[in-house]
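Everything on this sheet refers to the single structure shown next.
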Amino acid sequence: MKKIKHEPFPLKHEKGDAVIKNIGLIVTGDINNPILNKSKILVKNGLIEKIGDEKTIKDSEAETVIDANGMMVIPGLIETHAHITLHDYSAICQAMNWVENLAYCGVTTLISEGLHAWGLGRYYDDPVATKANTITEATIYKRWMPGSALKVVGGALILVRGLTKQDFKEMTDAGVRLIAEIGGGGLSEPEDVLQYIKWAREFGWHVSAHASPCSIPGSSHMSPEKIIKIDPDKVAHLSGGSTPLSWDEIKETIDKTRRDTALELSAQSNTRLALKIVEYAREKGQLDRVVMGSDQAVGLGLQWGSLWMLMAQVASMTNVAPEQVVAMATGNAARHFGRFVDMNRGIIEPGREADIVITDKPHGSAAKDFLDALKHGDVCAPALVMVDGRVVAIKGRDYQFTQRAVKINGDEKDLSTYGPNVEEYLFGSPAPRYHKWIL
(Lines give C-alpha, C1' and ligand atoms only; values in the text may rest on other atoms or scores of the structure.)
Protein backbone atom coordinates (compact mmCIF):
# COMPACT_ATOMS: atom_id res chain seq x y z
CA MET A 1 0.00 0.00 0.00
CA LYS A 2 1.35 3.37 -0.94
CA LYS A 3 2.12 5.84 1.82
CA ILE A 4 -0.41 8.68 1.96
CA LYS A 5 1.21 12.08 1.95
CA HIS A 6 -0.12 14.32 4.68
CA GLU A 7 -2.17 17.04 3.08
CA PRO A 8 -1.53 20.76 3.52
CA PHE A 9 -3.23 22.90 6.16
CA PRO A 10 -3.53 20.14 8.80
CA LEU A 11 -5.91 20.34 11.72
CA LYS A 12 -4.24 22.01 14.68
CA HIS A 13 -5.85 21.27 18.00
CA GLU A 14 -5.13 19.84 21.39
CA LYS A 15 -4.43 16.13 21.63
CA GLY A 16 -5.09 14.37 24.91
CA ASP A 17 -3.76 11.66 27.17
CA ALA A 18 -6.05 9.21 28.94
CA VAL A 19 -6.40 5.79 30.48
CA ILE A 20 -9.63 3.93 29.77
CA LYS A 21 -10.15 1.08 32.22
CA ASN A 22 -12.77 -1.51 33.19
CA ILE A 23 -13.65 -2.10 29.54
CA GLY A 24 -16.05 -4.99 29.11
CA LEU A 25 -15.03 -5.75 25.52
CA ILE A 26 -13.31 -3.92 22.67
CA VAL A 27 -15.10 -3.99 19.33
CA THR A 28 -12.12 -3.18 17.15
CA GLY A 29 -13.66 -2.03 13.86
CA ASP A 30 -11.54 -4.63 12.04
CA ILE A 31 -14.07 -6.81 10.26
CA ASN A 32 -11.68 -9.77 10.17
CA ASN A 33 -10.75 -9.52 13.88
CA PRO A 34 -13.69 -7.65 15.37
CA ILE A 35 -13.39 -8.58 19.06
CA LEU A 36 -10.54 -7.93 21.47
CA ASN A 37 -10.96 -9.12 25.04
CA LYS A 38 -8.84 -6.49 26.78
CA SER A 39 -9.81 -4.21 29.65
CA LYS A 40 -7.56 -1.16 29.31
CA ILE A 41 -6.40 1.36 26.71
CA LEU A 42 -3.63 3.92 27.11
CA VAL A 43 -3.86 7.07 24.98
CA LYS A 44 -0.87 9.38 24.63
CA ASN A 45 -0.80 12.60 22.61
CA GLY A 46 -4.01 11.71 20.86
CA LEU A 47 -2.94 8.23 19.74
CA ILE A 48 -3.68 4.78 21.08
CA GLU A 49 -0.35 3.80 22.59
CA LYS A 50 -1.13 0.52 24.28
CA ILE A 51 -3.98 -1.97 24.73
CA GLY A 52 -3.77 -4.26 27.72
CA ASP A 53 -5.00 -4.87 31.23
CA GLU A 54 -4.33 -3.89 34.86
CA LYS A 55 -0.91 -5.54 34.75
CA THR A 56 0.34 -3.74 31.64
CA ILE A 57 -1.28 -0.28 31.97
CA LYS A 58 -1.31 1.76 35.19
CA ASP A 59 -3.86 4.42 36.00
CA SER A 60 -1.00 6.78 36.84
CA GLU A 61 0.14 6.86 33.19
CA ALA A 62 -2.34 9.68 32.38
CA GLU A 63 -4.03 12.48 34.29
CA THR A 64 -7.44 11.62 32.84
CA VAL A 65 -8.72 8.21 33.94
CA ILE A 66 -11.98 7.04 32.41
CA ASP A 67 -13.80 4.14 34.03
CA ALA A 68 -15.88 2.40 31.35
CA ASN A 69 -17.87 0.53 34.02
CA GLY A 70 -17.90 -2.71 32.04
CA MET A 71 -19.21 -1.12 28.85
CA MET A 72 -17.80 -1.72 25.38
CA VAL A 73 -15.38 0.40 23.41
CA ILE A 74 -15.80 0.94 19.66
CA PRO A 75 -14.10 3.30 17.19
CA GLY A 76 -15.73 6.63 16.44
CA LEU A 77 -18.24 6.16 13.64
CA ILE A 78 -17.32 7.27 10.10
CA GLU A 79 -20.07 8.94 8.08
CA THR A 80 -19.19 8.22 4.44
CA HIS A 81 -21.83 10.35 2.74
CA ALA A 82 -22.88 13.84 3.80
CA HIS A 83 -23.67 17.06 1.95
CA ILE A 84 -22.24 19.98 3.86
CA THR A 85 -21.77 23.70 3.27
CA LEU A 86 -18.93 26.10 3.99
CA HIS A 87 -20.21 26.46 7.55
CA ASP A 88 -22.22 24.35 9.99
CA TYR A 89 -25.62 25.07 8.50
CA SER A 90 -27.93 22.94 6.39
CA ALA A 91 -29.32 25.19 3.68
CA ILE A 92 -31.84 22.51 2.68
CA CYS A 93 -33.09 21.66 6.17
CA GLN A 94 -32.35 25.15 7.57
CA ALA A 95 -30.72 23.68 10.65
CA MET A 96 -27.75 25.08 12.54
CA ASN A 97 -24.91 23.07 14.11
CA TRP A 98 -26.05 19.76 12.66
CA VAL A 99 -22.50 18.74 11.77
CA GLU A 100 -21.03 19.27 15.22
CA ASN A 101 -23.99 17.48 16.78
CA LEU A 102 -23.08 14.38 14.75
CA ALA A 103 -19.83 14.29 16.72
CA TYR A 104 -21.58 14.47 20.07
CA CYS A 105 -23.59 11.43 18.97
CA GLY A 106 -20.43 9.46 18.24
CA VAL A 107 -19.78 10.20 14.55
CA THR A 108 -16.19 11.44 14.71
CA THR A 109 -15.37 11.56 10.97
CA LEU A 110 -17.50 12.85 8.09
CA ILE A 111 -16.69 12.54 4.39
CA SER A 112 -18.13 15.10 2.01
CA GLU A 113 -20.05 14.11 -1.11
CA GLY A 114 -20.29 17.69 -2.34
CA LEU A 115 -21.60 21.02 -1.13
CA HIS A 116 -25.34 21.65 -0.94
CA ALA A 117 -26.02 25.39 -0.76
CA TRP A 118 -27.05 28.40 -2.78
CA GLY A 119 -25.17 29.11 -5.99
CA LEU A 120 -22.21 26.84 -5.32
CA GLY A 121 -21.91 25.54 -8.86
CA ARG A 122 -23.41 22.13 -8.16
CA TYR A 123 -25.81 22.24 -11.10
CA TYR A 124 -24.10 24.75 -13.37
CA ASP A 125 -21.24 24.54 -15.86
CA ASP A 126 -19.05 27.00 -13.99
CA PRO A 127 -15.54 25.53 -13.69
CA VAL A 128 -14.04 28.62 -12.04
CA ALA A 129 -16.61 28.77 -9.23
CA THR A 130 -16.70 25.00 -8.82
CA LYS A 131 -12.93 24.78 -8.44
CA ALA A 132 -12.88 27.73 -6.03
CA ASN A 133 -15.66 26.26 -3.91
CA THR A 134 -13.96 22.88 -3.77
CA ILE A 135 -10.63 24.35 -2.69
CA THR A 136 -12.37 26.53 -0.12
CA GLU A 137 -14.27 23.56 1.30
CA ALA A 138 -11.11 21.45 1.54
CA THR A 139 -9.15 24.26 3.18
CA ILE A 140 -11.80 25.17 5.74
CA TYR A 141 -12.19 21.63 7.00
CA LYS A 142 -8.47 21.04 7.26
CA ARG A 143 -8.26 24.02 9.61
CA TRP A 144 -11.55 23.68 11.46
CA MET A 145 -13.30 20.89 13.35
CA PRO A 146 -17.00 21.65 13.91
CA GLY A 147 -17.55 21.77 17.64
CA SER A 148 -13.82 21.08 18.07
CA ALA A 149 -14.91 17.49 17.75
CA LEU A 150 -15.64 16.36 14.18
CA LYS A 151 -13.02 15.55 11.56
CA VAL A 152 -14.32 16.43 8.10
CA VAL A 153 -12.76 15.22 4.88
CA GLY A 154 -13.96 18.14 2.77
CA GLY A 155 -13.42 19.27 -0.77
CA ALA A 156 -15.52 17.01 -3.03
CA LEU A 157 -15.46 18.20 -6.63
CA ILE A 158 -18.65 18.36 -8.68
CA LEU A 159 -17.70 17.62 -12.29
CA VAL A 160 -18.63 20.38 -14.72
CA ARG A 161 -17.55 21.25 -18.25
CA GLY A 162 -14.41 23.30 -18.74
CA LEU A 163 -12.17 21.83 -16.02
CA THR A 164 -8.55 21.30 -17.08
CA LYS A 165 -5.73 19.08 -15.93
CA GLN A 166 -4.09 22.17 -14.44
CA ASP A 167 -7.23 22.71 -12.39
CA PHE A 168 -6.86 19.21 -10.98
CA LYS A 169 -3.23 19.90 -10.11
CA GLU A 170 -4.12 23.14 -8.33
CA MET A 171 -6.89 21.41 -6.40
CA THR A 172 -4.56 18.57 -5.49
CA ASP A 173 -1.98 21.05 -4.21
CA ALA A 174 -4.72 22.56 -2.02
CA GLY A 175 -5.60 19.17 -0.53
CA VAL A 176 -8.58 18.11 -2.63
CA ARG A 177 -8.81 14.32 -3.02
CA LEU A 178 -12.48 13.58 -3.74
CA ILE A 179 -14.76 13.56 -6.76
CA ALA A 180 -18.30 13.92 -5.41
CA GLU A 181 -20.88 11.35 -6.40
CA ILE A 182 -21.10 11.42 -10.18
CA GLY A 183 -24.78 11.65 -10.98
CA GLY A 184 -25.69 13.57 -7.85
CA GLY A 185 -25.29 16.84 -9.73
CA GLY A 186 -23.16 18.14 -12.57
CA LEU A 187 -21.91 15.92 -15.39
CA SER A 188 -22.78 12.22 -15.25
CA GLU A 189 -22.57 10.61 -18.70
CA PRO A 190 -19.44 8.43 -18.98
CA GLU A 191 -18.33 10.14 -22.20
CA ASP A 192 -18.45 13.49 -20.36
CA VAL A 193 -16.56 12.47 -17.22
CA LEU A 194 -13.98 9.82 -18.13
CA GLN A 195 -11.27 12.34 -19.03
CA TYR A 196 -11.76 14.13 -15.70
CA ILE A 197 -11.62 10.82 -13.84
CA LYS A 198 -8.37 9.98 -15.64
CA TRP A 199 -6.80 13.25 -14.49
CA ALA A 200 -8.12 12.81 -10.95
CA ARG A 201 -6.66 9.33 -10.71
CA GLU A 202 -3.29 10.58 -11.89
CA PHE A 203 -3.29 12.74 -8.74
CA GLY A 204 -4.53 9.97 -6.44
CA TRP A 205 -8.15 11.04 -5.99
CA HIS A 206 -11.15 9.00 -4.84
CA VAL A 207 -14.09 8.68 -7.26
CA SER A 208 -17.69 8.18 -6.13
CA ALA A 209 -20.75 7.37 -8.24
CA HIS A 210 -24.42 7.97 -7.43
CA ALA A 211 -26.23 4.62 -7.72
CA SER A 212 -29.95 5.16 -8.05
CA PRO A 213 -32.56 6.91 -10.15
CA CYS A 214 -32.82 10.68 -9.92
CA SER A 215 -33.10 11.80 -6.32
CA ILE A 216 -33.49 15.58 -6.60
CA PRO A 217 -33.69 17.96 -9.58
CA GLY A 218 -30.26 18.12 -11.18
CA SER A 219 -29.34 14.55 -10.34
CA SER A 220 -29.20 11.72 -12.89
CA HIS A 221 -30.44 8.17 -13.24
CA MET A 222 -27.26 6.12 -12.88
CA SER A 223 -27.65 2.63 -14.31
CA PRO A 224 -25.24 -0.27 -13.73
CA GLU A 225 -23.93 0.28 -17.27
CA LYS A 226 -22.95 3.87 -16.49
CA ILE A 227 -21.50 2.98 -13.10
CA ILE A 228 -19.39 0.15 -14.51
CA LYS A 229 -18.03 2.41 -17.26
CA ILE A 230 -17.12 5.05 -14.69
CA ASP A 231 -15.41 2.39 -12.53
CA PRO A 232 -15.83 4.24 -9.20
CA ASP A 233 -13.96 3.63 -5.96
CA LYS A 234 -17.26 3.85 -4.07
CA VAL A 235 -20.79 3.11 -5.18
CA ALA A 236 -22.74 5.74 -3.27
CA HIS A 237 -26.02 4.80 -1.54
CA LEU A 238 -26.32 1.50 -3.39
CA SER A 239 -29.37 0.78 -1.23
CA GLY A 240 -31.08 3.86 -2.66
CA GLY A 241 -30.61 7.55 -2.74
CA SER A 242 -33.35 7.48 -1.65
CA THR A 243 -35.04 5.27 -4.28
CA PRO A 244 -32.90 2.26 -5.25
CA LEU A 245 -32.16 0.53 -8.51
CA SER A 246 -33.86 -2.83 -8.99
CA TRP A 247 -32.37 -5.80 -7.14
CA ASP A 248 -31.06 -7.30 -10.40
CA GLU A 249 -29.34 -3.98 -11.19
CA ILE A 250 -27.85 -3.82 -7.71
CA LYS A 251 -26.46 -7.35 -8.02
CA GLU A 252 -25.00 -6.51 -11.42
CA THR A 253 -23.33 -3.45 -9.92
CA ILE A 254 -21.82 -5.51 -7.08
CA ASP A 255 -20.65 -8.27 -9.39
CA LYS A 256 -19.13 -6.06 -12.09
CA THR A 257 -17.36 -3.42 -10.01
CA ARG A 258 -13.88 -3.94 -8.64
CA ARG A 259 -13.34 -6.06 -5.52
CA ASP A 260 -11.95 -2.98 -3.75
CA THR A 261 -14.90 -0.75 -4.70
CA ALA A 262 -16.83 0.19 -1.57
CA LEU A 263 -20.56 -0.56 -1.43
CA GLU A 264 -22.32 2.12 0.55
CA LEU A 265 -25.53 1.61 2.51
CA SER A 266 -27.53 4.73 3.27
CA ALA A 267 -29.73 5.37 6.27
CA GLN A 268 -31.96 7.39 3.91
CA SER A 269 -32.79 4.51 1.59
CA ASN A 270 -34.68 1.26 1.01
CA THR A 271 -34.02 -0.79 4.15
CA ARG A 272 -35.15 -4.07 2.61
CA LEU A 273 -32.62 -3.80 -0.19
CA ALA A 274 -29.90 -2.62 2.19
CA LEU A 275 -30.33 -5.88 4.07
CA LYS A 276 -30.21 -7.88 0.83
CA ILE A 277 -26.98 -6.13 -0.15
CA VAL A 278 -25.38 -7.11 3.16
CA GLU A 279 -26.48 -10.74 2.86
CA TYR A 280 -25.27 -10.90 -0.73
CA ALA A 281 -21.90 -9.44 0.28
CA ARG A 282 -21.71 -12.01 3.09
CA GLU A 283 -22.39 -14.86 0.68
CA LYS A 284 -19.65 -13.58 -1.63
CA GLY A 285 -17.16 -13.15 1.25
CA GLN A 286 -17.08 -9.40 0.64
CA LEU A 287 -18.39 -7.83 3.87
CA ASP A 288 -15.25 -5.69 3.96
CA ARG A 289 -16.64 -3.75 0.98
CA VAL A 290 -19.68 -2.48 2.90
CA VAL A 291 -19.58 1.04 4.37
CA MET A 292 -22.30 3.24 5.88
CA GLY A 293 -23.52 6.75 5.25
CA SER A 294 -26.67 8.80 5.67
CA ASP A 295 -26.87 11.22 2.71
CA GLN A 296 -27.48 14.02 5.22
CA ALA A 297 -28.38 16.87 5.02
CA VAL A 298 -31.13 16.38 2.48
CA GLY A 299 -34.86 16.92 2.37
CA LEU A 300 -35.45 13.56 4.05
CA GLY A 301 -34.20 15.21 7.20
CA LEU A 302 -31.40 15.23 9.72
CA GLN A 303 -30.88 12.25 12.01
CA TRP A 304 -27.84 12.50 14.22
CA GLY A 305 -28.33 8.87 15.24
CA SER A 306 -28.71 7.63 11.67
CA LEU A 307 -25.64 5.38 11.68
CA TRP A 308 -26.66 3.91 15.04
CA MET A 309 -30.08 3.12 13.55
CA LEU A 310 -28.55 1.64 10.42
CA MET A 311 -26.24 -0.59 12.49
CA ALA A 312 -29.22 -1.83 14.52
CA GLN A 313 -31.23 -2.61 11.39
CA VAL A 314 -28.42 -4.56 9.74
CA ALA A 315 -27.39 -6.42 12.90
CA SER A 316 -30.93 -7.43 13.81
CA MET A 317 -32.20 -8.43 10.38
CA THR A 318 -29.24 -10.20 8.73
CA ASN A 319 -26.98 -13.12 9.59
CA VAL A 320 -23.98 -10.85 10.07
CA ALA A 321 -22.48 -10.66 13.57
CA PRO A 322 -23.10 -7.28 15.24
CA GLU A 323 -19.39 -6.73 15.80
CA GLN A 324 -18.88 -7.01 12.04
CA VAL A 325 -21.70 -4.55 11.48
CA VAL A 326 -19.83 -2.06 13.69
CA ALA A 327 -16.83 -2.51 11.36
CA MET A 328 -19.00 -1.43 8.43
CA ALA A 329 -19.52 1.91 10.17
CA THR A 330 -15.88 2.28 11.21
CA GLY A 331 -12.88 0.27 10.05
CA ASN A 332 -14.18 -0.63 6.59
CA ALA A 333 -14.47 3.04 5.74
CA ALA A 334 -11.11 3.86 7.34
CA ARG A 335 -9.30 1.25 5.29
CA HIS A 336 -11.10 2.18 2.09
CA PHE A 337 -10.55 5.93 2.29
CA GLY A 338 -7.09 5.44 3.79
CA ARG A 339 -5.91 4.58 0.29
CA PHE A 340 -6.62 8.18 -0.74
CA VAL A 341 -6.47 10.45 2.31
CA ASP A 342 -4.91 10.53 5.74
CA MET A 343 -7.33 8.30 7.67
CA ASN A 344 -5.40 6.86 10.59
CA ARG A 345 -8.45 5.98 12.65
CA GLY A 346 -11.54 3.78 12.61
CA ILE A 347 -9.84 0.76 14.21
CA ILE A 348 -8.90 0.24 17.84
CA GLU A 349 -5.22 -0.66 17.64
CA PRO A 350 -1.92 0.92 18.73
CA GLY A 351 -0.77 3.82 16.57
CA ARG A 352 -4.26 4.86 15.49
CA GLU A 353 -5.84 8.18 16.40
CA ALA A 354 -7.81 7.86 19.64
CA ASP A 355 -11.26 8.54 18.21
CA ILE A 356 -13.13 6.27 20.60
CA VAL A 357 -16.70 5.76 21.73
CA ILE A 358 -17.72 3.99 24.93
CA THR A 359 -21.19 2.52 24.51
CA ASP A 360 -23.72 0.23 26.15
CA LYS A 361 -27.24 -1.02 25.65
CA PRO A 362 -29.84 1.75 25.88
CA HIS A 363 -31.30 2.50 29.29
CA GLY A 364 -33.99 -0.09 30.06
CA SER A 365 -33.17 -2.35 27.08
CA ALA A 366 -33.97 -6.06 27.47
CA ALA A 367 -30.60 -6.87 25.87
CA LYS A 368 -27.54 -7.99 27.83
CA ASP A 369 -25.05 -5.47 26.44
CA PHE A 370 -24.27 -3.28 23.44
CA LEU A 371 -23.73 -6.06 20.90
CA ASP A 372 -26.80 -7.93 22.09
CA ALA A 373 -28.78 -4.69 21.85
CA LEU A 374 -27.76 -4.30 18.20
CA LYS A 375 -28.87 -7.88 17.57
CA HIS A 376 -32.20 -7.03 19.21
CA GLY A 377 -32.56 -4.02 16.91
CA ASP A 378 -32.11 -1.45 19.67
CA VAL A 379 -30.73 1.94 18.66
CA CYS A 380 -27.74 2.51 20.90
CA ALA A 381 -25.89 5.64 21.94
CA PRO A 382 -22.54 6.81 23.31
CA ALA A 383 -21.74 7.01 26.99
CA LEU A 384 -18.61 8.94 26.07
CA VAL A 385 -17.09 10.29 22.86
CA MET A 386 -13.35 10.85 22.61
CA VAL A 387 -11.53 12.55 19.73
CA ASP A 388 -7.73 12.47 19.65
CA GLY A 389 -7.70 11.52 23.30
CA ARG A 390 -9.96 14.42 24.38
CA VAL A 391 -13.35 13.81 25.93
CA VAL A 392 -15.79 15.83 23.81
CA ALA A 393 -19.19 14.55 24.97
CA ILE A 394 -21.16 11.95 26.88
CA LYS A 395 -24.35 12.53 24.89
CA GLY A 396 -25.67 14.33 21.89
CA ARG A 397 -28.29 17.03 22.25
CA ASP A 398 -31.59 15.37 23.24
CA TYR A 399 -30.06 11.96 22.54
CA GLN A 400 -30.76 8.92 24.68
CA PHE A 401 -28.41 7.71 27.36
CA THR A 402 -26.94 4.31 28.12
CA GLN A 403 -27.75 1.79 30.85
CA ARG A 404 -24.44 2.38 32.58
CA ALA A 405 -22.39 5.52 33.00
CA VAL A 406 -18.70 6.34 32.80
CA LYS A 407 -16.63 7.89 35.54
CA ILE A 408 -14.06 10.54 34.67
CA ASN A 409 -11.42 10.81 37.39
CA GLY A 410 -13.88 9.24 39.79
CA ASP A 411 -16.81 11.53 38.94
CA GLU A 412 -19.78 9.53 37.66
CA LYS A 413 -21.57 10.99 34.62
CA ASP A 414 -24.92 9.31 35.15
CA LEU A 415 -27.48 11.01 32.92
CA SER A 416 -30.34 8.95 34.34
CA THR A 417 -30.13 11.04 37.54
CA TYR A 418 -30.56 14.29 35.66
CA GLY A 419 -34.36 14.09 35.54
CA PRO A 420 -35.04 16.84 38.11
CA ASN A 421 -33.67 19.37 35.64
CA VAL A 422 -34.90 17.96 32.35
CA GLU A 423 -34.96 21.37 30.66
CA GLU A 424 -31.23 21.73 31.17
CA TYR A 425 -30.70 18.18 29.91
CA LEU A 426 -32.66 18.91 26.74
CA PHE A 427 -31.96 22.54 26.02
CA GLY A 428 -29.05 23.50 28.29
CA SER A 429 -27.30 26.78 27.67
CA PRO A 430 -24.48 26.38 27.03
CA ALA A 431 -25.20 23.09 25.32
CA PRO A 432 -25.31 20.02 27.62
CA ARG A 433 -21.92 18.74 26.55
CA TYR A 434 -20.19 21.68 28.26
CA HIS A 435 -21.81 21.28 31.67
CA LYS A 436 -19.68 20.56 34.69
CA TRP A 437 -21.35 17.18 35.05
CA ILE A 438 -19.89 16.19 31.69
CA LEU A 439 -16.37 17.58 31.79
Side-chain angles (χ1 to χ4, degrees), residues 80-84 111-116 120-127 129-131 133-134 137-138 153-165 167-168 171-172 176-245 249-250 252-254 256-258 260-266 268-269 289 291 293 295 298 336-337 339-341:
T80 61
H81 191 133
H83 294 286
I84 56 179
I111 298 166
S112 172
E113 273 286 13
L115 296 171
H116 263 197
L120 288 178
R122 185 169 181 82
Y123 310 111
Y124 309 100
D125 284 338
D126 187 341
T130 300
K131 180 176 73 169
N133 290 327
T134 306
E137 180 195 356
V153 182
L157 175 69
I158 311 298
L159 294 181
V160 298
R161 289 182 178 84
L163 293 167
T164 67
K165 186 172 183 179
D167 290 330
F168 279 87
M171 286 185 280
T172 301
V176 177
R177 295 294 185 276
L178 306 174
I179 287 183
E181 54 175 320
I182 298 170
L187 299 176
S188 62
E189 294 298 323
E191 58 267 29
D192 292 329
V193 302
L194 287 177
Q195 180 60 68
Y196 296 141
I197 291 172
K198 180 176 182 293
W199 289 335
R201 288 220 160 102
E202 288 180 21
F203 293 109
W205 289 26
H206 178 273
V207 178
S208 175
H210 174 98
S212 79
C214 300
S215 54
I216 58 175
S219 63
S220 304
H221 185 119
M222 295 296 288
S223 65
E225 181 183 10
K226 290 182 182 179
I227 294 167
I228 292 160
K229 285 182 179 178
I230 288 169
D231 187 26
D233 300 299
K234 186 190 80 173
V235 181
H237 49 55
L238 182 58
S239 55
S242 57
T243 303
L245 299 168
E249 290 175 311
I250 290 172
E252 181 182 0
T253 302
I254 295 171
K256 293 184 179 180
T257 48
R258 284 178 281 119
D260 61 357
T261 298
L263 309 174
E264 182 182 82
L265 307 181
S266 175
Q268 313 280 3
S269 72
R289 295 180 68 181
V291 299
D295 208 3
V298 294
H336 175 76
F337 283 95
R339 293 153 46 203
F340 305 92
V341 300

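For the numbers below, each heavy atom of this structure counts, side chains included, while hydrogens, waters and symmetry mates do not.
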*Residues K165 and E202 bridged, charged N to O under 4.0 Å*: yes
*asked:* Is the ring pair F340/H336 parallel, tilted or perpendicular, if the boundaries are 30 and 60 degrees?
replied: tilted
_With rounding to the nearest 0.5 angstrom, report the OG1 to NZ distance, T80 to K234._
4.5 Å
_Pair I84, L115 - check side chain to side chain contact (heavy atoms under 4.5 Å, CB included), show working._
CA-CA 5 Å; I84 56 179; L115 296 171; 4.2 Å; yes
*Supply the atom-to-atom distance S215 OG to D295 CG, rounded to the nearest 0.5 angstrom.*
7.0 Å
*What are the two closest heavy atoms between I230 and L194, and how far apart are they?*
CA-CD2, 4.2 Å
*Just do the side chain to side chain contact (heavy atoms under 4.5 Å, CB included) check on K131 and D126 with the steps written out, would you?*
CA-CA 9 Å; K131 180 176 73 169; D126 187 341; over 6 Å; no
*Side-chain contact, heavy-atom cut-off 4.5 Å: E264 with V235?*
no
*Considering only heavy atoms from C-beta outward, does the side chain of S212 approach that of P244 to under 4.5 Å?*
no
*Looking at G162 and P127, what are the two nearest heavy atoms and their distance?*
C-CB, 3.8 Å
_Looking at every heavy atom in both G114 and H83, which two are closest together, and how far apart are they?_
O-ND1, 3.1 Å
*Between Q268 and G241, is there a donor-acceptor pair closer than 3.5 Å when you use the side chain of the first and the backbone of the second?*
no
*From CD1 (I111) to NE2 (H81), nearest 0.5 Å*: 11.0 Å
_Spatial distance of atom CD1 (I182) from atom CD (E189) [nearest 0.5 Å]_ = 11.5 Å
*Quick one: does S239's side chain have a donor or acceptor within less than 3.5 Å of a partner on S269's backbone?*
no
*Decide yes or no on side chain to side chain contact (heavy atoms under 4.5 Å, CB included) for L238 and T253, but give the supporting numbers first.*
CA-CA 9 Å; L238 182 58; T253 302; 4.1 Å; yes
*E181-H237 side chain donor-acceptor pair, cut-off 3.5 Å*: yes
*Which atoms form the tightest heavy-atom contact between S188 and V193, and what is the distance?*
N-CG1, 4.0 Å
*Sub-3.5 Å donor-acceptor pair from the side chain of K226 to the main-chain atoms of H221, do we have one?*
yes
*What distance separates S242 OG from I216 CD1, expressed to the nearest 0.5 Å?*
10.5 Å
*Would you confirm whether T243, through its side chain, and G240, through its main-chain N or O, come within 3.5 Å as a donor-acceptor pair?*
no
*Hey, are E113 and H210 close enough side-chain-wise for a donor-acceptor pair under 3.5 Å?*
no
_Is it the case that the side chains of S223 and E249 hold a donor-acceptor pair, with the cut-off being a distance below 3.5 Å and no angle test?_
no
*Return the minimal non-hydrogen interatomic distance between E137 and S112, and the atom names on each side.*
OE2-OG, 2.6 Å
*Using distance alone, with no hydrogens and no angle criterion, decide if W205 and T172 have a side-chain donor and acceptor under 3.5 Å apart.*
yes
_If we check side-chain contact (heavy atoms from CB on, under 4.5 Å) with L159, which of these qualifies: D125, I179, D192?_
I179
*Would L163 and L157 count as a side chain to side chain contact (heavy atoms under 4.5 Å, CB included) if you check the C-alpha gap in whole Å, the side-chain angles of each, and the deciding distance to 0.1 Å?*
CA-CA 11 Å; L163 293 167; L157 175 69; 4.0 Å; yes
*Check A180 against I158 and note the closest heavy-atom contact, atom names and distance.*
CB-CD1, 3.6 Å
*asked:* Checking the side chain of R289 only, and the main-chain atoms of I254 only, is there a donor and an acceptor separated by less than 3.5 Å?
replied: yes
_To the nearest 0.5 Å, what is the distance between CG on L245 and CD1 on I250?_
6.0 Å
*Short side-chain donor-acceptor distance under 3.5 Å, T130 and N133*: no
*Give a yes or no on whether the backbone of P232 and the side-chain of R258 come within a donor-acceptor separation of less than 3.5 Å.*
yes
*Does the side chain of D233 come under 3.5 Å of the side chain of H206 through a donor N or O and an acceptor N or O?*
no
